[in-house]
Amino acid sequence: MAWDHDENQCPLAAVDRRLNDVHRFWHQAEQAYFEPDEFRLAIQAAIQTARQVSFVLQKNKALIPDFDEWYKGWQVKLAAIPLMRWMVEARNQIEKQGDLEAHSFVSAEIVASHLGEGPKIQVPAKLSDAPLALLKSIPDSLVGQHIKKDGVLRIRRRWIENSLPDTELLEAVATAYGHLSQLARSAHEQMGLVAPVSTNMSTGEQFAEGDQEGRLPCMIGHEDARTLDVWLATGKPLEFEVIEKKLGREEMMAEGPKLEKRYGVNPSKMYADSGEVHDHARSLFGAARRMFEKDGYHITIVILLRKGKPIDFRELRPMEHGHKFMMMRTLARQAQKIGADAAIMISETWSAPADPTNPYMRAVDAPEKKELLTATAVSKDGDPIHLSAEISRDGKKITLADTIEHTNGAHFAFAPFYKVWKKPIPDQWGELPKGTDGVREGA
């Protein structure tokens, strides 16, 4: 992953180089996460170099039209961000007083919901038995039974600096890099230059507009490498197998006629011409209905979109209900990495009226349940939409009822997406069961 510039053509190449240096030091710190001295050297080098970005920019002020007025606006903006003020103070401490007072901790959290509401604890890393305190805190109640059956114990190592106790150090520097890259991009635009782009060196995909708030995709979700998830029901590590399959253009073209012959669905017309997320959901659900009526089932798929165009397609195969909690968090991080601003999930599901006496009961276990084919679409800026058709099974005969459409429902499974999009959970989600995939009635 790289921030691209042409040193022979770009007048601000020195600024671009400083950003690349921050990126390189950041990855050195990431690789040395379990080596205290190496981590200290790399993360402090990243902080010092980050501070040089604005210095080099001011050194080149004569190149930038209306520099004083333009830069004053950015100074006010960055000064209002507590993290950026901390970066200035941290650099001053490193250069004038000595090393940062960074400490390694173990954080443990119980995940038993799509929401981040589980109990958490953070202790010095040397106390390896700390997660036991969380396990002992699980109540002997309905919620406790739910946690023990579907919950996951998530254990992470974290470096924390004394003066920034609520933010992990790599995350802090990655976020600061994002703000500085936006500053540098704005400087290029102020000069009438083509702004640098973030490029995935493996795929060649570019992110020219800073969809990740200026960060490079490789600087998002970095905590996964130092995270251990333990399935509480078995006490064993929880790991997911990811199988990637890339289709070449010729292979994709060959599959089209097969799909059209079997389902009467033209793959080139499965998405709506309008490019609107709701229209995509309606069009895709129409195709899903035809596939279901032909096969008698439908796999669970999630499609990530950016600016109305699909950019990622995933099939999910959770073995247990609790697996979905982790899968949706992983998908949300992927959406953040690639700048996806919408997601559509198509699946079979169960629905049942919520039981206030047993709020964590899954719909599949409820006496009054119904089976549905569903499509749910959420987006960073718009309202969600949910389409469903009840499934009727009579021996080998399987039929679908008419499609019912709802907007602004409660979609707990997508709470991790709302979090990475910094989108508030809607008030109308109310007090529906949080341990389920409930849309309207519970699932």
Side-chain angles (χ1 to χ4, degrees), residues 106-123 127-158 221 223-243 299-302 314-334 345 347-352 354-367 369 371 411-417 419 431-439 441-443:
V106 165
S107 67
E109 171 188 10
I110 291 179
V111 178
S113 164
H114 288 297
L115 300 172
E117 59 182 2
K120 303 177 183 179
I121 191 172
Q122 178 168 284
V123 294
L127 299 181
S128 59
D129 62 343
L132 294 177
L134 273 187
L135 299 181
K136 293 177 181 178
S137 72
I138 299 176
D140 185 16
S141 62
L142 289 175
V143 65
Q145 294 173 20
H146 162 70
I147 291 173
K148 293 173 184 177
K149 180 176 181 291
D150 293 321
V152 174
L153 176 64
R154 169 159 278 197
I155 305 170
R156 286 178 174 155
R157 186 164 182 173
R158 309 174 80 232
E223 69 275 8
D224 290 349
R226 57 183 188 278
T227 298
L228 174 65
D229 291 327
V230 179
W231 183 243
L232 291 180
T234 64
K236 297 180 179 179
L238 178 62
E239 298 178 342
F240 297 113
E241 182 182 17
V242 178
I243 301 175
I299 60 175
T300 298
I301 60 174
V302 176
R314 302 289 176 104
E315 177 186 355
L316 306 185
R317 298 183 183 180
M319 300 301 292
E320 300 289 345
H321 179 67
H323 291 178
K324 300 176 186 177
F325 302 146
M326 313 312 295
M327 285 184 172
M328 294 305 287
R329 282 167 167 78
T330 299
L331 279 171
R333 286 195 300 275
Q334 175 66 5
M345 175 187 284
S347 66
E348 293 183 45
T349 187
W350 293 96
S351 181
D355 183 352
T357 65
N358 191 357
Y360 285 90
M361 180 177 65
R362 294 175 55 201
V364 68
D365 299 320
K369 61 178 182 288
E371 191 179 5
H411 307 288
F412 289 109
F414 288 97
F417 284 79
K419 181 178 180 180
E431 296 299 324
L432 286 174
K434 298 179 179 61
T436 71
D437 294 324
V439 174
E441 301 174 288

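We're numbering straight along the sequence, starting at 1.
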Residue from Phe325, Phe417, Phe414, Phe412 passing ring-ring contact (aromatic ring centres under 6.0 Å, His included) with His114: Phe325
Is a side-chain donor or acceptor of Arg157 paired with a backbone partner of Arg226 at a separation under 3.5 angstrom? no
I need the minimum non-hydrogen distance between Ala112 and Gly151, along with the two atoms involved. CB-CA, 4.0 Å
Of Arg156, Arg154, Glu109, the residue whose pairing with Thr227 passes side chain to side chain donor-acceptor pair (under 3.5 Å): Arg156
Value for CE (Met326) from CG (Asp229), rounded to nearest 0.5 Å, stands at 4.0 Å
Could you state the interatomic distance from CG (Leu228) to CG (Leu153), rounded to the nearest 0.5 Å? 7.5 Å
Give me the atom names and distance for the closest heavy-atom approach of Asp150 to Trp231. O-CZ3, 3.6 Å
To the nearest 0.5 Å, what is the distance between NE2 (His323) and CZ (Phe240)? 5.5 Å
Is a side-chain donor or acceptor of Ser347 paired with a backbone partner of Thr349 at a separation under 3.5 angstrom? no
Atom pair NZ (Lys419) and CG (Leu115), whose distance is rounded to the nearest 0.5 Å: 10.5 Å
Are any non-hydrogen side-chain atoms of Lys148 and Leu232 less than 4.5 angstrom apart? no
Check: Arg314 and Gln334 side chains under 4.5 Å, non-hydrogen atoms: yes
From CZ (Arg333) to CD (Glu223), nearest 0.5 Å: 5.5 Å
